[in-house]
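Reminder, nothing fancy here: chain letters follow the sequence lines and each chain counts from 1. Basis for what follows: all heavy atoms, side chains included, without hydrogens, waters or symmetry-related copies.
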Amino acid sequence: MNVCVASLCKAKQLEKAEIVIVDGIRIGLQPDVVTYNTLIAAYCRFVGIDAGYSILHRMKDAGINPDVITYNALIAGATRYSLLSKCLDLFDEMLEMRILPDIWSYNTLMNCFFKFGKPDEAYRVFQDILLKNISVHSATFNILINGLCMNGYTENALMLFRSLKCHGFIPQLVTYNILIHGLCKSGRGNVAREFLNELVELGHIPNAITYTTVMKCCFRYRQFEEGLKIFAEMRNKGYTYDAFAYCTVASMLLKTGRITEANEYLGYIITSGFTIDIVSFNTIFNLYCKEGQLDNAYTLLYEAENGGLESDKYTHAILIDGLCRTGNFQEAQQQLNRMSVTGFDSNLVAWNSFINGLCKTGQLDYATHIFESMDTRDSVSYSTMVRGLCQARRFRAASKLLLSCIRGGMNILKSDKRIVIDGLRSCGLTHEARKVQSKIQMAKLLHY
DNA sequence: CGGATGGCGC
């Protein structure tokens, strides 16, 4: 029965799995801890953490005690849904129940801390593993390397990787995938390339994840044709069994103005029978919004939501950008305000999109007002405003903003700084231009 | 029976 339940759960057929269990009970087979653990993992993955909990209760009611695997599945579920405190509670609960955590409990907890941007605490978990003399799993190192990369410690991740190799650790394909991704994200595409060669030399065969990662890396460095070549190779090898890579390609095409081609690839997503999840939906939705087909976009959104797809912060940001592009600033503003009441606040990208739209249409005072009322701002917010002010030839205001951005420890693009300085000069404000330049230099010295 | 890697927005 357990084998059957497991394979149904893997295939997301939870109702069928439940039927098998009921049938089993009818012929005298009682579900055991393995059956429940399988169910808990599947419910956490496909339905939600509460669904996982309800199985836990069912299990306890049936007189079966949870074990370490039960808790690991729940902790992983809590991590998936970004519930840090729930992870910690579960870990404590496990200890209280005198269930000894295994390496995977620690791995999962460590991964959870990394995911929440708490690398120090994650590292403490790792030290705990060593202290308690629990033998590590290769995944422990993979999680460490990934966590370090994702939290801006790419250099440390590289050092760890190299020292592990010296100690006889044989990197797996996942290890390379993680490293390549991390290196690319931190702007070290050249090192990523080296690792791509290395993994092949070591006899690994790149998988769909490797291809998608490398392809995105190419796009990041504006090597579009190179990336498309990788995609073609990936398709030839039959590695496009999901929409992941198609989304990357389509959004690159859209961003570079190759609308017709983007349309083509999105067509594949729709006709290939892939499950349209929120990410692929957003990619398609973005096409309609960028083309200014807001009516079609709304229809699509309506249909998707009726079909049970839940929009996320990406959906909202795309919509707001679309509304701005079509000049519907009032509706964009309303949507933004609605967003903050429905829990999508801190959607900085959407707000940035809005001020960008306002700046592009010369509504600088309105943009400034919004910018000042935002509770958080990032370097994009500043860049957008700075560029907008320069375009309106309000160079003094732009330089003031630029300096306050730098004082806040945020860095904006060199080209944006250039625009301000050149602008000041073009107005004959040579003295101010020089002042800004020296302040930028000073900030550089102080920060690095 | 669980647990690590890839896709979308300014």
Under 3.5 Å, is there a donor-acceptor pair between the [X] and [Y] side chains?
| X | Y | value |
| --- | --- | --- |
| T213(A) | N177(A) | no |
| N411(A) | K417(A) | yes |
| N107(A) | T140(A) | yes |

Tell me: [atom1] of [X] to [atom2] of [N], nearest whole Å?
| X | N | atom1 | atom2 | result |
| --- | --- | --- | --- | --- |
| N207(A) | dT5(B) | CG | P | 13 Å |
| N151(A) | dT5(B) | CG | P | 13 Å |
| L179(A) | dA4(B) | CG | C1' | 13 Å |
| H204(A) | dG6(B) | NE2 | C1' | 17 Å |
| Y246(A) | dG6(B) | OH | P | 20 Å |
| F329(A) | dC10(B) | CZ | C1' | 14 Å |
| L253(A) | dG7(B) | CG | P | 17 Å |
| R220(A) | dG7(B) | CZ | C1' | 16 Å |

Hey, does [X] reach any base, or is it just sugar-phosphate, or nothing, if we go heavy atoms under 4.0 Å?
| X | result |
| --- | --- |
| S383(A) | nothing |
| K10(A) | nothing |
| D102(A) | base |
| A208(A) | base |
| N107(A) | nothing |
| T283(A) | sugar-phosphate |
| I318(A) | sugar-phosphate |
| A245(A) | nothing |
| D277(A) | base |
| T38(A) | sugar-phosphate |
| N356(A) | sugar-phosphate |
| K255(A) | sugar-phosphate |
| R387(A) | nothing |

Where the side chain of [X] is concerned, which of [options] is the nearest nucleotide?
| X | options | answer |
| --- | --- | --- |
| N111(A) | dG7(B), dC8(B), dA4(B) | dA4(B) |
| S251(A) | dT5(B), dG7(B), dG9(B) | dG9(B) |
| D242(A) | dC8(B), dC10(B), dG6(B) | dG6(B) |
| S280(A) | dC10(B), dA4(B), dG7(B) | dG7(B) |
| F244(A) | dG7(B), dC8(B), dG9(B) | dG7(B) |
| D312(A) | dC8(B), dG7(B), dC1(B) | dC8(B) |
| I69(A) | dC1(B), dT5(B), dG6(B) | dC1(B) |

field: Salt-bridge contact R377(A)-E372(A) (side-chain N to carboxylate O under 4.0 Å)
entry: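 Salt bridge between R377(A) and E372(A), a charged N being under 4.0 Å from a carboxylate O: no.
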Subject >> salt bridge (charged side-chain N to carboxylate O under 4.0 Å, His left out) partners of residues 211-220 of chain A, not counting sequence neighbours, each pair once >> reply: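 Qualifying pairs: none.
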Quiz item: What pairs meet the salt bridge (charged side-chain N to carboxylate O under 4.0 Å, His left out) rule with one or both residues in residues 256-281 of chain A, with sequence neighbours excluded?
Solution: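 Salt bridge (charged side-chain N to carboxylate O under 4.0 Å, His left out) check on residues 256-281 of chain A returns E225(A)-R258(A), R258(A)-E261(A).
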Review point. Nearest heavy-atom pair of C324(A) and G357(A): which atoms, and what distance?
Key: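 For C324(A) and G357(A), the tightest heavy-atom pair comes out as CB-CA, 4.1 Å.
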Side-chain contact, heavy-atom cut-off 4.5 Å: F195(A) with L199(A)?
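No - every pair of side-chain heavy atoms lies 4.5 Å or more apart.
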Margin query: If you take any heavy atom closer than 4.0 Å to DNA chain B, which residues from residues 180-199 of chain A end up in contact?
Written below: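 Under 4.0 Å from DNA chain B: H181(A).
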> Should the pair R235(A) and Y246(A) be classed as cation-pi, given the thresholds of under 6.0 Å to the six-membered ring centre and 45° from the axis?
Replying inline: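 That pair does not qualify as a cation-pi contact.
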For this session: Indicate whether OP1 or OP2 belonging to dG9(B) is found under 4.0 Å from a side-chain N or O atom of K313(A).
Result: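 It does not, given that no N or O in the side chain of K313(A) lies less than 4.0 Å from OP1 or OP2 of dG9(B).
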